[in-house]
Each structure stands twice: as structure tokens, then as C-alpha cells.
Amino acid sequence: MPVKRRGGGAAGAAAADHASSSKTRQSKLAKEHGITAQEEAEIREAFGLFSEPMDGEKEGVIPIGDVRRAMIALGIPPRDKEELAEFTSILDPEDEGFTTYPAFVAICALKFQDRETTDEAHAQELDEAFSLFTGQRASSSQNQVITLAHLKRVALVLKEENVSEELLRDMILEANGGAGVGRGVKKDEFDSVMRRAGVWR
């Protein structure tokens, strides 16, 4: 559910208008923090949801208490209370109770970059784990599937001689939603199984 915009926020309305008109042009602020014009537009819109007007601040300011909600609206919430406290000390070093748009952009840019790094690391880990089953190099496993033969080979390598073929078939069917043993398990299905098993989040 998207966060509803507060009523009466002139700065918020202005931010929304600006966001819709500046999605393709990268600002100086976006360049400084290594984010795209689209990412800055998203940040500006989230900021506008909670912004309040203040003299000397074109985009207004947001109360420190709303920073977490603004970041949740962007899909980049602080990991825990410690990270939120760290962000708060950066955003409001003088303990004034609010933060400005440029400071908020800087924090959100860090979170965007952290998310990209995490996603890349997970993709690499997924490729490597999937290739252990298929026997293919990670770079060539894009269109591969894990088959019954692959599972039998892995069971032998792990010296799991007591694992029956019926159990291996059931594993494939559970992973691919009953699409058939012959269809095998695609990489995204393998990823879902590993997440459910708690191997990664």
C-alpha cells in the first residue's frame, strides 16, 4: 500500500510536480551521489510525502521521526535500530528534529548502492550454487535446469546412497510446483527453494 500524502504540504506538492518533470535529467546532486535521475525522482517523491515547508529550504524538510517511513516508502528501510540511529545522527547532527533534502538524498543513495551490491553478490552466489547441481559453469547456466540425473549425481557425490529416486522426483515436483519431473527445476525456482530452506534471504 503506498503511503498517502499528507494534506496541506505545499513543499510536498511541489516536490511531486518536480519529480514528474525531472525523471530524465540527472541533477548535480544525483551526479554527486552516483544515482540516476529516476532514482532521484523516487527519492524526491518519498521526501515529498512527509515534507514540511521551511524558509531557505526549497524542498522543505522532513521531521526526523518520518525518515524511517520515507525510506520504507522507497523500499530501502534501515536494517535495524542501530542503522536508523546512525542515519539520524548523520541527518540531524545538531538534533534540530528535522533533515533537509540534500542530506536525505545522500543517505538514500548509500542504501540504493548497498542494495545493488547485495543483489549482485546474491546473483553470483545463486549462479555458483546452481552450477554445482547442473555441472555447468556459472556463466553458461542461464538456460539450464536441474534434472533428475543431476540430483542423482549429487546424491552419489555426497554419498547419499539411501536417497530413493522417488524422493528425488518429489523434490523436483515440489520445487517446480508440479510442472513435471521431465521439466526440471529452473534457476528462479531453485532460488525460491533455497530461500524457503533459510540458506539465504
Side-chain angles (χ1 to χ4, degrees), residues 1-129 138-139 141-142 187-188 191-192 195 200-201:
M1 289 287 292
V3 183
K4 290 185 178 179
R5 187 178 303 279
R6 288 182 180 175
D17 291 341
H18 191 81
S20 64
S21 64
S22 62
K23 287 184 178 178
T24 57
R25 192 173 64 237
Q26 191 181 29
S27 71
K28 182 181 177 183
L29 191 62
K31 289 176 183 176
E32 285 176 4
H33 295 292
I35 57 175
T36 66
Q38 177 62 37
E39 286 171 332
E40 189 191 2
E42 292 171 10
I43 293 171
R44 190 185 300 273
E45 186 173 3
F47 189 88
L49 293 173
F50 303 97
S51 66
E52 298 174 358
M54 175 174 277
D55 290 342
E57 293 295 338
K58 180 182 176 183
E59 310 293 343
V61 297
I62 60 172
I64 280 297
D66 286 330
V67 166
R68 180 175 175 273
R69 286 195 287 170
M71 295 182 77
I72 289 172
L74 279 166
I76 50 170
R79 284 191 300 270
D80 47 39
K81 290 180 180 178
E82 287 74 21
E83 186 174 63
L84 178 59
E86 180 185 351
F87 289 163
T88 299
S89 67
I90 295 170
L91 292 167
D92 186 18
E94 303 297 324
D95 202 22
E96 296 174 298
F98 63 83
T99 190
T100 61
Y101 176 69
F104 184 71
V105 168
I107 289 296
C108 290
L110 286 174
K111 287 293 286 182
F112 276 142
Q113 289 156 10
D114 181 53
R115 181 176 65 182
E116 289 166 6
T117 301
T118 302
D119 288 348
E120 288 173 11
H122 173 68
Q124 182 177 353
E125 187 177 10
L126 173 59
D127 281 345
E128 290 173 356
S139 60
S141 65
Q142 188 64 36
K187 189 185 293 183
D188 62 326
D191 187 25
S192 296
R195 288 180 188 276
W200 51 59
R201 296 181 180 182

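In this structure, Asp66 CG and Phe104 CZ are separated by 10.0 Å, a value rounded to the nearest 0.5 Å. Atoms CG and CG, on Leu49 and Leu74 in that order, are 8.5 Å from each other to the nearest 0.5 Å. Atom-to-atom distance recorded for Cys108:SG and Arg44:CZ is 12.5 Å, nearest 0.5 angstrom. Put simply, NZ on Lys81 and CZ on Arg68 are 9.5 Å apart, with the number rounded to the nearest 0.5 Å. Within the model, atoms NZ of Lys31 and OG1 of Thr36 stand 13.0 Å from one another, a figure rounded to the nearest 0.5 Å.
Taking every heavy atom of both residues into account, Ala70 and Ala46 meet most closely at O-CB, 3.7 Å.
Contact of the Glu32 side chain with the Val105 side chain is not registered, since no non-hydrogen atoms from C-beta on lie closer than 4.5 Å. Residues Thr100 and Glu59 have side chains not in contact (no heavy-atom distance under 4.5 Å, counting atoms from C-beta outward). Side-chain contact between Lys187 and Asp127 is present, with at least one heavy-atom pair separated by less than 4.5 Å. Proximity of Glu57 to Phe98: side-chain heavy atoms (C-beta onward) are nowhere separated by under 4.5 Å.
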Show the numbers, then the answer: is there a side-chain contact (heavy atoms from CB on, under 4.5 Å) between Asp191 and His122? CA-CA 10 Å; Asp191 187 25; His122 173 68; 3.1 Å; yes
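Applying the ring-ring contact (aromatic ring centres under 6.0 Å, His included) criterion to Tyr101, with sequence neighbours excluded, gives Phe47. Partners of Pro77 under the side chain to side chain contact (heavy atoms under 4.5 Å, CB included) rule, at least two apart in sequence or in another chain, are Ile72.
At distances below 3.5 Å, at least one donor-acceptor pair connects side-chain atoms of Gln26 with backbone N or O atoms of Ile35. A donor-acceptor pair under 3.5 Å links the side-chain atoms of Gln113 to the main chain of His33, judged by distance alone.
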Please tabulate, one pair per line, all N/O donor-acceptor pairs under 3.5 Å involving side-chain atoms of residues 83-93, not counting sequence neighbours.
residue	atom	partner	partner atom	Å
Glu83	OE1	Arg79	N	2.6
Glu83	OE1	Lys111	NZ	3.0
Glu83	OE2	Arg79	NH1	3.1
Glu83	OE2	Arg79	NH2	3.1
Thr88	OG1	Leu84	O	2.9
Ser89	OG	Glu86	O	2.7
Asp92	OD1	Asp95	N	3.2
Asp92	OD1	Glu96	N	2.7
Asp92	OD2	Glu96	N	3.0
Asp92	OD2	Gly97	N	2.7

